[in-house]
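Beneath this line is the structure, given in structure tokens, with notes to follow.
As the structure is a prediction and not an experimental result, all values here were calculated from the model.
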Amino acid sequence: MSDVQITGKTYDTTLLKRMTKYIKPYKFVFWVSVVLTVLLAAVAPALPMLVEYTLDNYILSDKAEGLNMMLAFMLGLLLLQVGIRYFHTLMTNTLGQSVIRDIRIEVFNHITSLRLKYFDKTPIGRLITRTISDLETISNIFSQGLIQIIGDLLQLFVILIVMFYSDWRLTLVVLIPMPVMIIATYIFKEAMKNAFVDVRKRISQLNTFLQEHISGISIIQYFARQDQEMKKFKSINAKHRNAHVRANWYFSIFFPVLEIIMAIALGLLVWYGSKQVLAHVISPGVVVAFIMYINMIFRPIRELIDKFNTLQMGMVSAERIFAVIDTKDQTPDYGKLQPAELNGDISFKQVWFAYNDRDWVLKDLNFDVKPGQTVALVGATGAGKSSTINILSRFYEINKGEVLLDGKDIKEYQLDYLRRQIGVVLQDVFLFSDSVYNNITLNNPEITRSQVIDAAKQVGAYDFIMRLPDGFDYQVQERGSTLSAGQAQLISFIRALVHDPKILVLDEATASVDTQTELLIQSAIEKLMKGRTSIVIAHRLSTIQKADLIIVLDKGEIVESGSHQELLNMEGAYKKLYDLQFE
């Protein structure tokens, strides 16, 4: 998936409508936030009005006895504003975090439903950026963006009404520099739009690079490529830095311009207001109040610009996140079949498959596996062995032909049901950062501890697990790095056994273990296969000699099939592979 085309709109009605559906479960918090926003705007001009009244009616009139009362009013007003602002901040942030929690869950569920083909072409780091960084930016739309913008606009509106009511001429003088500020704001907004899009793009590239290189750190160290990879990282990091610097550069120009405009407005106020005071047209208290009003006008204007930038950044992130949510790359799941019992009869009939719709990986594949039989697939790397088992579990869809299970097309089975019936043990075992027990059960509550212990004993892994600190509760590090390849493989066998699949797939399951461990698990494999239809992929021909049927693949086609002895007697491709290994 390439980066989606971003419009960078500050306000996008369609996106906002989509996001409002996530607010519905939190209507109470939302409306409390709105009410508190209105209250903040309503009480904003109260302090300057109190100062004006105190100055004109007490200080300039030599009435000292009322000053304490006015001071008490001002302190009370300040405490009221602090209280409202506290709950306003609490409510808006609660709303923002609640919304992104729900969206993050939806994004994660959607990503895990996508077929493997999607991940073949999409960097994992980009998905991490969408799920973490972009979602944090969206939360700001609710906690610092939309509601705050409404509050600042309301405050501006209320203050301007009060100013016009107090003295409309003085208000017009103060607003003389406003057109310059509007033009400057528009230029700034357009510049920031492009800068924000670039910032998000660079963050995505940085996350992708880091995720990939940290995962492959062993290769970098094995081949002493630290310096070369550091040069690449410096280049990507420099682009990330430059994108942020450019965004901050626009801020560094705009805010001084805003300060100059504010200073001009203040200068015009002092000049015109002083003349009006000397002419006894207005009172000094009005001028002092207007000085406070100017600060209260320009502060929300400055914050409005910040909030519009937050809103714009959130829109950029929302477009990216909804682009992931709108990705329709799931495996079609229209099947209804969920029989209580499967026989495990598998048939591949004229199956053609390609990853990119051009280069055929499997060509006219035809074979049958009867219930309880063991079929082995052998052949050179790239012959199509792993592709065969991937399409059986519907991780990839075939282009032509059909795959039958108990005489029914596998597409007629409910997808989760189908995959639960197929137990897979891979060469590259993946273990999560969790306990050994949870890695075996995959948090399935239906699997009991006694089942796990019994399966571990059958596989021959019980003793080594009990030697680990905390036994089955031992915390496996990321990707099972604290266990040997053989130990991890044994855990994967236990995992397959406790899930009790009807069909067993072993993909190079003993390739990563030493000879002693291989001998240990051979008997476990036989127990695992008993009563199950099994498909085995193996390079070690010694592990498949007892298979009921051996299929030799070459460039996606079946070139030979038969039992071990039958294939040796053919003096063909299998015999050559056998001689290469044992001579």
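- For the atom pair NE2 of H110 and CD1 of I321, the computed distance is 12.5 Å after rounding to the nearest 0.5 Å.
- Nearest heavy atoms, L490 versus A461: CB-CB, 4.0 Å.
- Atom CG of residue L506 and atom OG of residue S534 lie 6.5 Å apart, to the nearest 0.5 angstrom.
- In this structure, N343 contributes its side chain and P371 its backbone to no donor-acceptor pair below 3.5 Å.
- F367 is listed as a side-chain neighbour of I558, based on a closest heavy-atom distance under 4.5 Å.
- Using a distance-only test at 3.5 Å, with no hydrogens or angles considered, no donor-acceptor pair links the side chain of H244 to the main chain of H240.
- With hydrogens and angles disregarded, no donor-acceptor distance shorter than 3.5 Å links the side chain of H564 to the backbone of I544.
- Two rings, from Y355 and F353, have their centers less than 6.0 Å apart.
- D500 has no carboxylate O lying under 4.0 Å from a charged side-chain N of R420, or vice versa, which leaves the two without a salt bridge.
- Atom CE of M570 is surrounded by more than 12 heavy atoms from other residues, nucleotides or ligands within 6.0 Å.
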Chi angles and distances behind the side-chain contact (heavy atoms from CB on, under 4.5 Å) call for E446, V498: CA-CA 10 Å; E446 295 179 4; V498 297; over 6 Å; no
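- The neighbour count for Y417 OH, taken as heavy atoms of other residues, nucleotides or ligands under 6.0 Å away, is above 12.
- With hydrogens and angles left out, the side-chain atoms of Y396 and T331 include no donor and acceptor closer than 3.5 Å.
- Annotation: side chain of L362 is in contact with side chain of I391 (closest heavy-atom distance under 4.5 Å).
- K21 and E106 get closest at one heavy-atom pair: NZ-OE2, 4.4 Å.
- Looking at S393, its side chain never comes within 3.5 Å of a backbone N or O of N390 through a donor-acceptor pair.
- When every heavy atom of E397 is checked against every heavy atom of P332, the shortest pair comes out as OE1-CD, 4.3 Å.
- V559 is not listed as a side-chain neighbour of L553, based on a closest heavy-atom distance of 4.5 Å or more.
- Shortest non-hydrogen contact noted between T448 and Y437 is C-OH, 3.7 Å.
- Under the 3.5 Å distance criterion, the side-chain polar atoms of Q205 are left unmatched by any main-chain donor or acceptor of R202.
- The CZ atom of R104 sits 11.0 Å away from the CD1 atom of I111 when rounded to the nearest 0.5 Å.
- Atom CE of M466 is separated from atom NZ of K457 by 9.0 Å, given to the nearest 0.5 angstrom.
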Criterion side-chain contact (heavy atoms from CB on, under 4.5 Å) on V351 and D364, from CA distance to verdict: CA-CA 5 Å; V351 172; D364 197 24; over 6 Å; no
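- Of the possible polar contacts, none joining the T374 side chain to the D548 backbone as a donor-acceptor pair under 3.5 Å is found.
- D507 has its side chain within reach of I389: a pair of non-hydrogen atoms, C-beta onward, lies under 4.5 Å apart.
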Evaluation steps, salt bridge (charged side-chain N to carboxylate O under 4.0 Å, His left out), between K349 and D409: CA-CA 10 Å; K349 296 188 178 299; D409 194 308; over 6 Å; no
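- In plain terms, the two heavy atoms of A547 and A376 that are nearest each other are CB-CB, 4.1 Å.
- A donor-acceptor contact shorter than 3.5 Å is absent between the side chain of K400 and the backbone of Q350.
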Derivation of the side-chain contact (heavy atoms from CB on, under 4.5 Å) call for V361 and W352: CA-CA 8 Å; V361 177; W352 291 73; over 6 Å; no
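- The backbone N or O of F233 sits nowhere less than 3.5 Å from a side-chain atom of N237 that would complete a donor-acceptor pair.
- Side chain of T441 to backbone of N443: a donor-acceptor contact under 3.5 angstrom is found.
- Between R467 and D463 no salt bridge is recorded (no basic side-chain N to carboxylate O distance below 4.0 Å).
- W360 contributes atom CH2, which lies 4.0 Å from atom CG of N399 (distance to the nearest 0.5 angstrom).
- N439 is not listed as a side-chain neighbour of Q475, based on a closest heavy-atom distance of 4.5 Å or more.
- Under the 4.0 Å criterion applied to side-chain N and carboxylate O atoms, D579 and K575 are assigned as salt-bridge partners.
- In this structure, CD on Q451 lies 12.0 Å from CD1 on I440, to the nearest 0.5 angstrom.
- With a 4.5 Å cut-off on side-chain heavy atoms, Y413 and D406 count as touching.
- In this structure, F472 has its ring center no closer than 6.0 Å to that of Y474.
- Ion pairing between a basic and an acidic side chain is recognised when a charged N comes within 4.0 Å of a carboxylate O; D345 and K502 show no such pairing.
- In terms of heavy-atom proximity, I346 sits nearest to L405 at CG1-CD1, 4.0 Å.
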V476/D434 under side-chain contact (heavy atoms from CB on, under 4.5 Å): CA gap, chis, key distance, verdict: CA-CA 5 Å; V476 177; D434 205 338; over 6 Å; no
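- Contact check for Q373 versus T533: no side-chain heavy atoms found under the 4.5 Å cut-off.
- Using modelled atom types, no side-chain atom of H499 and backbone atom of I422 make a donor-acceptor pair closer than 3.5 Å.
- S435 and D473 are not linked by any side-chain donor-acceptor pair at a separation below 3.5 angstrom, with hydrogens and angles left out of the test.
- Looking at Y334 and K411, their side chains never come closer than 4.5 Å, going by heavy atoms from C-beta outward.
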